[in-house]
2 protein chains.
Amino acid sequence: MPGPKDLTYLGCSIANSVPILGDRWNILILRDAFMGVRRFEDFQTDLGIARNILSSRLDDLVAAGIFETREYQDNPPRHEYRLTEKGKDLMDLLLALWRWGDRWAPPELRDPRKLIHLDCGHPTQIVAACAHCGGELKRSNLRIEPGLEVVEATSSDTQVPA
Amino acid sequence: MPGPKDLTYLGCSIANSVPILGDRWNILILRDAFMGVRRFEDFQTDLGIARNILSSRLDDLVAAGIFETREYQDNPPRHEYRLTEKGKDLMDLLLALWRWGDRWAPPELRDPRKLIHLDCGHPTQIVAACAHCGGELKRSNLRIEPGLEVVEATSSDTQVPA
DNA sequence: CAAGTGGGTTGCAATCTGCAACGGACTCCG
DNA sequence: CGGAGTCCGTTGCAGATTGCAACCCACTTG
């Protein structure tokens with residue numbers, strides 16, 4: 001039985017989000033949604049996604065509670081897809097994706113657009129901060145409890161069979 | 001010619017990262033990598049991923065510069081997959097994914113493990129901060145230049161045909 | 001020498017993707 | 001009024017991708 005596999009056995013919040021967020025089109029659809037796109041036709045022409053796939057992905061996103069549909073016209077019933085709170089909460093993730101892509105992509109592929117932080121007026125990028133103390137979160141100051149360092153202490157770096 | 005489509009035409013850093021990061025297995029492999037997993041066999045048994053798929057994904061991640069291989073044994077040549085700087089830089093993204101999954105998943109699916117910020121000693125989650133001023137990044141204080149608000153001004157909320 | 005470990009590759013069947021065409025229900029325009 | 005256009009899908013089909021299991025190779029261990 002090929003086709004996407006059920007991953008709940010992994011018992012991890014990342015694994016739980018993966019069925020929705022580990023999909024190229026869903027990510028791009030969300031990017032568009034954050035840019036203000038809301039209608040089927042607009043997603044389709046902007047992304048160049050096949051209509052059947054778009055239809056299926058939008059259904060998935062609605063089922064996942066990330067989008068909700070809202071009627072904007074009665075006569076031929078038309079609705080648009082809007083981000084729910086759960087969906088809006090994905091912004092951090094999109095920003096992180098943007099920052100990473102921007103930092104590591106070859107210059108000619110970089111997005112010329114800038115992200116402006118209106119509070120300070122400067123172009124910005126996301127930095128991971130601690131929800132408790134506001135300090136930066138780095139590989140070196142994080143631990144997963146119980147056990148397991150997020151980053152290994154590179155203990156085996158010199159492990160050449162002696 | 002079905003199969004993944006080239007998305008570079010979208011000219012966006014998110015779109016550029018999507019071929020690699022918009023894949024369920026790649027995300028899970030990275031999660032494991034941040035937990036310290038480095039070897040083929042360990043990824044395979046931990047994730048339950050098919051061996052051919054794992055092989056192909058690891059190759060992709062190496063080609064993308066996220067992993068690098070390092071020999072740890074000569075005789076039957078054996079190597080492990082280690083995160084490069086580019087790979088390590090994905091931590092924010094994984095943390096954002098974790099936070100989102102944790103916040104919105106039904107309680108019984110939540111990951112019981114906690115993330116500890118060693119600098120302050122408290123369990124934490126990621127918060128998006130401005131790289132320039134350190135203030136929190138929210139939908140309401142961001143703009144994409146040129147044009148386009150990240151968040152719509154909900155101008156059409158009351159747009160009932162009059 | 002048989003079994004085990006580590007890291008893959010190969011084959012096959014079941015899905016999933018992408019494309020293009022078709023559909024329905026209006027609205028707009030000449 | 002007829003034809004074109006808009007919006008949102010659904011349906012068919014060929015080709016790609018998955019998942020599974022089996023196989024292979026090169027040691028190492030008992």
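This is a predicted model, so every value here is computed, not measured. Naming: A, B, ... by sequence-line order, numbering from 1 per chain.
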### Query
Quick one: Phe40(A) CZ to dC8(D) P, roughly how many Å, whole number?
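One finds 8 Å between P of dC8(D) and CZ of Phe40(A), rounded.
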### Message
Can you measure Glu71(B) atom CD to dG7(C) atom P for me and round it to whole angstrom units?
### Response
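Roughly 11 Å, once rounded to whole Å.
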N/O (side chain, [X]) to phosphate O (OP1/OP2, [N]) under 4.0 Å:
X	N	answer
Arg24(A)	dG18(C)	yes
Trp25(A)	dG18(C)	yes
Tyr81(B)	dG8(C)	yes
Tyr72(A)	dC8(D)	yes

### Query
Relative to Tyr72(A), does Arg39(A) satisfy both conditions: NZ or CZ under 6.0 angstrom from the six-membered ring centre, and within 45 degrees of the ring's axis?
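Yes - Arg39(A) lies over the ring of Tyr72(A), closer than 6.0 Å to its centre and within 45° of its axis.
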Short question: side chain of [X], backbone of [Y] - any donor-acceptor pair under 3.5 Å?
X	Y	value
Asn26(A)	Gly22(B)	no
Trp100(B)	Ser13(A)	no
Glu71(B)	Asp74(B)	no
Asn16(B)	Gly101(A)	no
Gln44(B)	Ile49(B)	yes

### Query
Less than 4.0 Å between a side-chain N and a carboxylate O, is that true for Lys138(B) and Asp119(A)?
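Looking at Lys138(B) together with Asp119(A), the answer is no, because their closest N to O distance does not fall below 4.0 Å.
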### Query
side chain to side chain contact (heavy atoms under 4.5 Å, CB included) with Cys133(A): which residues, sequence neighbours excluded?
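Result, side chain to side chain contact (heavy atoms under 4.5 Å, CB included) vs Cys133(A): Cys130(A), His117(B), Cys120(B).
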### Query
Can you list, by residue number, the residues of residues 41-60 of chain A that have a non-hydrogen atom closer than 4.0 angstrom to DNA chain C?
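The answer is Ala50(A), Asn52(A), Ile53(A), Arg57(A).
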Each nucleotide N or O in nucleotides 24-28 of chain D that has a protein N or O under 3.5 Å away: list the pair and distance.
from	atom 1	to	atom 2	distance (Å)
dC27(D)	OP1	Asn75(B)	O	3.2
dC27(D)	OP1	Asn75(B)	OD1	2.9

